[in-house]
Amino acid sequence: MMRCALHLFLAPLLLLASVQAVAAEAPKPEQVQSDISTREISIQSNFTGIDIVLFGSIDFSGTLSPEEGPYDAIMTVRGPNRPIVVRKKVRIAGVWTNGPSKTFPSVPGFYAVLASRPFRAIAPKDTLRKLGIGFSNLDFGKSAGGDGADDGFRASLIRLQQEHRLFQESDDAVSFIGRSLFKGSIDLPVNVPIGRYTTQVFLFRDAKLLNQSQSSLQVDKVGLERAVYTLAFRHSLAYGLLAVLMAVTAGLLAYAFFHRRD
Amino acid sequence: MFQVYLPIAEISVNLLVMLGLGAAIGFLSGMFGVGGGFLLTPLLMFSGIPPAIAVATGANQIVASSVSGALVQWRRGNIDFRMGWVLIVGGIAGAVGGVLLVGLLNRLGHADVFISLVYVIFLGIIGSLMLVESLRAVWRTRSGMAATGRKPGEHTWIHRLPLKMRFQRSRLYISAIPPLILGTVVGLLAAVLGVGGGFIVVPAMIYLLRVPTHVVVGTSLFQIIFITAVVTVLYAVLNHSLDILLALLLVIGGVVGGQFGAKAGQRLKGEQLRLLLAVMVLAVSIRLLIGLVVAPDDLYSLAPLTAGS
């Protein structure tokens, strides 16, 4: 289904790109534009994660064939920030329990970097740091707790987020399709947080940032999932009573069906 | 296929697995005549449901099974309502305390270990006692000896406490303090473990309060309805850790499984049932203990920061 949508989407873009290439006679500075295959992601009961495709197109592309490949592209997807506690287990009286912890006030709920080749080779360290590209360049805010010097907490936070597939770095995930069109696909796992996501597309040439483009997408619970979630958090008393009512009804029905003659 | 996204647990589970789990617990509880919460909550935790959600949702499931169970007992006139209400008053106090305690420990990051630890201790003790008792009973029936009964009307220190109340159905005139305390303990356990607490109430009523055996199960089921209902609502309001979709799946499975369990239970002898149950309780306890003492694969864990911590 996604593939089909992709082709429909690509056709006019390719056309547009070639028209622009003819029009551009004198070399103009390259501009990048981007879009996302799915701007609204709905989480409902059959949600098991979703693949989204990010497209970028280069206006005034100075290349004649995709093989020539003077351009590099990096794409990032960033979910809403939230505070996260990282805890380290220690052994107390033979039992493993949570010991020291460190709190990071603003950790992106989702973060992915896609690149047309290993992104650390695309641009120098300083540029990447300035643009906040890559796990090591993420700012989680001023952390509280822990023993300061030990950065095991930050490294573990990144590692665990990666294990939960909430942090992803994938080189070679962006591919150039035509002279001026490229795409990258990201797999949003089932546990993605809800909220507004921002996507950024950076275009590089010879390790220099030429242009960037930004767009956003929204992840929301819909239908029954949304109703339950809203009820549980906004009207929690009604939600609890509803759960009890459901259980009592089930118990009464069970009695009526199976135990009447006991 | 059959994956269902749980809105509060925020994970995707297999519909059939959860229905099956509910049915298995329903089967066991129908067979043994117990609530099954002490097996359900650990099994939910083993299948990846966060402990706080497993406890709250487990309590909700028990409401359903105890309603149908209590109705059966009520029709047979086996509920001492007065005793039940006294237990409930104590139970509500205990439940509030328990839910607040779990909420606090959850914010501090100790809830998982605490719940597991309390489980290991209680299941370990109860499982061992049941194992010894049922092995003795099996041995007694083998050797053809009659079970020794307790002397009726025997007085203990419990009968000398003040605040005496007449419990007609139980044919008792005792202080309200022991049932109140018993209720409180059960409420606390119900809240921390997501269980009905029948495994504590039933023996305590028989051995400590000397309530006649035929009244014990009905009265216990009656008070369990209210305690678990209160625990469910408290978790929903204070901790937001109740997943109604998961509860619904477990309830449906449980109702169906319970009917088959009750039929299967009639074919087994009492002491054999208790032996089987004891083995299962001990197995769950050991599994939880292993989880606590074996060095974890990953020393670090993440948790979203919740308000108030």
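Below, chain A is the first sequence line, B the second, and so on; all start at residue 1. Worth knowing before you read on, the calculation uses all heavy atoms, side chains too, and leaves out hydrogens, waters and symmetry mates.
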How close do [X] and [Y] get, counting heavy atoms only, and between which atoms?
{"X": "A:G240", "Y": "B:T232", "answer": "O-CG2, 4.4 Å"}
{"X": "B:I8", "Y": "A:Y239", "answer": "CG1-OH, 3.6 Å"}
{"X": "B:Y5", "Y": "A:F47", "answer": "CB-O, 4.0 Å"}
{"X": "B:P7", "Y": "A:V228", "answer": "CG-CG1, 3.5 Å"}
{"X": "B:D298", "Y": "A:R159", "answer": "OD2-NH1, 2.7 Å"}
{"X": "A:R87", "Y": "B:R107", "answer": "NH2-O, 3.0 Å"}

Item to check | When A:L224, A:T97, A:V192, A:N191 are compared by non-hydrogen pairs under 4.5 Å with chain B, the top option | outcome: A:T97
Item to check | Top contributor to chain B interface from A:L237, A:N46, A:L160, A:L157 [non-hydrogen pairs under 4.5 Å] | outcome: A:L160
Checklist entry - How far does CG of B:L302 sit from NE2 of A:H164, to the nearest 0.5 angstrom? => result 6.0 Å
Atom group of [X] that falls short of 4.5 Å from chain B, counting heavy atoms:
{"X": "A:Q161", "answer": "both"}
{"X": "A:R91", "answer": "side chain"}
{"X": "A:L242", "answer": "both"}

Item to check | Pairs of heavy atoms under 4.5 Å with chain A: top-ranked of B:I252, B:D243, B:L242, B:V251 | outcome: B:L242
Checklist entry - When heavy-atom pairs shorter than 4.5 Å are enumerated against chain A, which of B:V233, B:V63, B:L299 gives the highest number? => result B:L299
Checklist entry - Looking only at atom types and distance, does a side-chain atom of A:N98 sit under 3.5 Å from a main-chain N or O of B:H110, one as donor and one as acceptor? => result no
Item to check | Plane angle bin for A:F233 and B:H240 - parallel if under 30°, tilted between 30 and 60°, otherwise perpendicular | outcome: parallel
Item to check | All ring-ring contact (aromatic ring centres under 6.0 Å, His included) counterparts of B:F114, not counting sequence neighbours | outcome: none
Next on the checklist: Side chains of A:Y255 and B:V67, heavy atoms from C-beta outward: is any pair under 4.5 Å?
Outcome noted: no
